[in-house]
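The structure under discussion appears below in the form of structure tokens.
Quick note: numbers below take in every heavy atom, side chains included, and nothing from hydrogens, waters or symmetry partners. Chain identifiers are assigned alphabetically (A, B, ...) following the order of the sequence lines, protein sequences preceding nucleic acid strands; residue numbering begins at 1 within each chain.
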There are 2 protein chains.
Amino acid sequence: MNIGEIAKRAGVSRSTVSYALSGKRPVSEDTRRRIQQVVDELGYRPSASARALANGRTSTIGLVFPPAGNHYTGMQLDFIGSVVEAAAAYDYDVLLSPSGVDSDRSFQRLLGERRVDGAILMEIRLADDRVDHLADLGFPSVAIGRTGDPEGGWWVGLDHTALVAACVHHLADLGHRKVAFVNRPEQLLHAGYESAHRGLDGFTKAAAERGLTVETYCCGDDAASGQACLEQILHDDPATTALVTLNEAALGGLYRGLSEAGRHVPRDFSVTGVVAGRWAETVTPQLTAADVPAAEMGRLAVELLVERLDHPDVAPRHHLLVPPISLRASTGPANSTSSDGSRPASGSLPG
Amino acid sequence: MNIGEIAKRAGVSRSTVSYALSGKRPVSEDTRRRIQQVVDELGYRPSASARALANGRTSTIGLVFPPAGNHYTGMQLDFIGSVVEAAAAYDYDVLLSPSGVDSDRSFQRLLGERRVDGAILMEIRLADDRVDHLADLGFPSVAIGRTGDPEGGWWVGLDHTALVAACVHHLADLGHRKVAFVNRPEQLLHAGYESAHRGLDGFTKAAAERGLTVETYCCGDDAASGQACLEQILHDDPATTALVTLNEAALGGLYRGLSEAGRHVPRDFSVTGVVAGRWAETVTPQLTAADVPAAEMGRLAVELLVERLDHPDVAPRHHLLVPPISLRASTGPANSTSSDGSRPASGSLPG
DNA sequence: CAGCAGAATCGAATCGGTTCGATGAAGCGC
DNA sequence: GCGCTTCATCGAACCGATTCGATTCTGCTG
């Protein structure tokens, strides 16, 4: 059922059918109706491949994220979901590409074979050859995250430095003096993942500013690693009374470690960090944290990309988000005795 | 940089370049090398659209799942990840389509515009018009889940009936007499989601078989709903000592509800159900559950689909999985006094 | 009524590949 | 040296749309 078939049945030429459907040239009301009727009867829809070949646009955007390998986090899930939904609203499909680096076969397919009009990149590294490569090519893309040199780029990012610093200040304000930092896995830190680096920076600086005693850890993206990491923390310094984490997937393990060590949260130990809100609420007590607005970020990334696709020469834009810390129930004053089990009030701190 | 450019530079015809690259006809070693060199120099890759138009295959499979709307579960995340990875191994890309029903615009695009060679459907309903429609069309697809009439279809499913029944028997063996069932949201049950229906069936039958007193609940896919649901359970019958759940996203809330009601798991209350293993391990105590092998299911679905694409006339196949219950730490004997806080052994029960 | 503007439609080229049948050259036996 | 096979390559058609320039038809003006 191709356009020629429609044309024949409607008694017009193929080009007239095309114009009738696209509206790019006027067609008499009469023939337009006749064509539409044939189209409806046969349930005709133009072939995406043929259309893409003819006008050079695939109406597809690529979503590039590292291969699962080990584990996906809930945050990534929220990104994917919101990107797909936002893209659908603009009539774009989303093609998934599991690529961590520029040289991946899957990444080459996306670009080299021109399968997509533009791309959204996740899990950005400070030095990211994918971002550099796309920038050199002038290929329309938007990063979810910032490289080390984000100027003049298209991205939507989270200010991990400020967010983690806010967590530290929150803990310091509560009187904590010995605080641990639980980062993403060591391998990701070494690879230069921006959240791991900027988060660590924010932690170190804010802790120094407040004169805290700190230790930093890398932790695998799963519950077992979280539990092991917490044991290590208490082993290294049993007087530690709080931690800040970026590691969503390890959160359950950290909680378990605390519970097995007999430390009650938040009476004996405070936990906070940067985590997608939906996941912060699944643990008990609910996590006081900077909620990653993953859905919003995905939506913003699509909006930027669509704008870039529609107006190829518009100047680069970005969004740097600094969500406030949501006060839930996992942090409390340090040095409180077991008799002082009072809950902090719920609410929201300006970010 | 198209195939004509390569042909010109290598001093051959376009068809020779095509044959040299595809190997579908012999090409002399000499010219093959010359062509390859030009290709490498220019970094040429054939256009996916043109190739798809010419040979009718897009090398893309569609992954159809309901729109996020409210929430994704961890299980879905694992499906998506494993499907993408498995597809990449067979040189297929994955196109995401957020479609719950046959009439969705996104679903129409996938099929009508021939964007994909085949499709994998998630979140199957007992009466699923998407499945029926694709079967009528003879369009290559594989369902992750079974409809009410799975005979002669292509699918990989989980035996929710047996799984939930095994959970019930496990609890009954431990001496529990009053057990609650926490299902997926009511709206999904009404829509006919297979896991919700078959799980409920398995629960009801096994409970009757063992003469248990039961109550069943629907629960929203989030922690707050889980907590509310648990309050309702204890309100309806404070003597309830165990629950079985299919609702992964509510799990954290269920635990919180128990903890706030002062019921210790597993001493006072046992929890079990059907949940992706990775998520069962994030809660404390770790959940004794039938672990959904999401990654394996995604991989199997891709394998079935690829086989179907390669051999269009092969007879329908399927995989019905019945993973064993992993004994972790969330279930224990009923009616134990608070002095009997002994932990059950870890291990695995034959499914 | 010739001439012309404007609207509606058509025909052909194009996008970038694949594939089929034809052609030419080389190698071989007799 | 002729005919035959085999191998390598070429040219053209085709996939199914879009798009540009040309054409036809109508109605209006002078």
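- The distance between atom CZ of A:R14 and atom P of D:dA17, rounded to the nearest whole Å, is 8 Å.
- Nearest heavy-atom pair, B:A276 versus B:D78, reported as atom, atom and distance to 0.1 Å: CB-OD2, 4.0 Å.
- Looking at heavy-atom distances under 4.0 Å, A:S18 makes contact with a base.
- Looking at residues two or more places apart in sequence or on another chain, you find no ring pair (Phe, Tyr, Trp, His ring centres under 6.0 Å) involving B:W154.
- Residues A:Q108 and A:D104 have side chains that never bring a donor and an acceptor to within less than 3.5 angstrom of each other.
- Distances shown here put a side-chain N or O of A:K24 below 4.0 Å from the OP1 or OP2 atom of D:dT19.
- Residue-level contact check: B:T31 touches the backbone only, with heavy atoms under 4.0 Å from sugar-phosphate atoms and none from bases.
- Distance check: B:T147 OG1 to B:D128 CG gives 7.5 Å after rounding to the nearest 0.5 Å.
- Look at CD1 on A:I6: it is 12 Å from P on D:dT18, rounded to the nearest Å.
- No side-chain heavy atom of A:V64 sits under 4.5 Å from any side-chain heavy atom of A:M122.
- Summarising the geometry, the separation between CD on A:E5 and P on D:dG16 is reported as 11 Å, rounded to the nearest angstrom.
- Taking 4.0 Å as the cutoff to heavy atoms of chain B, we find the contact window on DNA chain C bounded by C:dG16 to C:dA22.
- Heavy atoms of A:S15 sit under 4.0 angstrom from at least one base atom.
- Among the protein residues, A:S28 comes within range of the sugar-phosphate backbone only, with heavy atoms under 4.0 Å from sugar or phosphate atoms but none that close to a base.
- In this structure the side chain of B:L304 reaches within 4.5 angstrom of the side chain of B:H319, judged on heavy atoms.
- Note: A:F65 CZ to A:I120 CD1 = 12.5 Å, rounded to the nearest 0.5 Å.
- Put simply, CG on A:D30 is 15 Å from C1' on D:dT26, counting in whole angstrom units.
- Where B:V12 and B:N55 each meet DNA chain D at their nearest nucleotide, the meeting point lying more 5' is that of B:V12.
- Taking side-chain N and O atoms only, B:S13 has a distance below 4.0 Å to OP1 or OP2 of D:dC10.
- Between the C1' atom of D:dC10 and the CD1 atom of B:I3 lies a distance of 13 Å, rounded to the nearest Å.
- The distance from atom CZ of B:R25 to atom P of D:dC10 is 12 Å, rounded to the nearest whole Å.
- Put simply, the side chain of B:Y19 and the base of D:dC7 share no donor and acceptor less than 3.5 Å apart.
- With DNA chain C read from its 5' end, the first of the two nearest nucleotides for B:T16 and B:S49 is the one closest to B:S49.
- Using a 4.0 Å cut-off between a side-chain N of Lys or Arg and a carboxylate O of Asp or Glu, B:R109 and A:D91 qualify as a salt bridge.
- For the pair B:R115 CZ and D:dA17 P, the interatomic distance rounds to 13 Å; values are reported in whole Å.
- Distance, B:L21 CG to D:dA8 C1': 16 Å, rounded to whole Å.
- Using a 4.0 Å heavy-atom cutoff across all strands shown, A:S22 reaches no nucleic acid atom at all.
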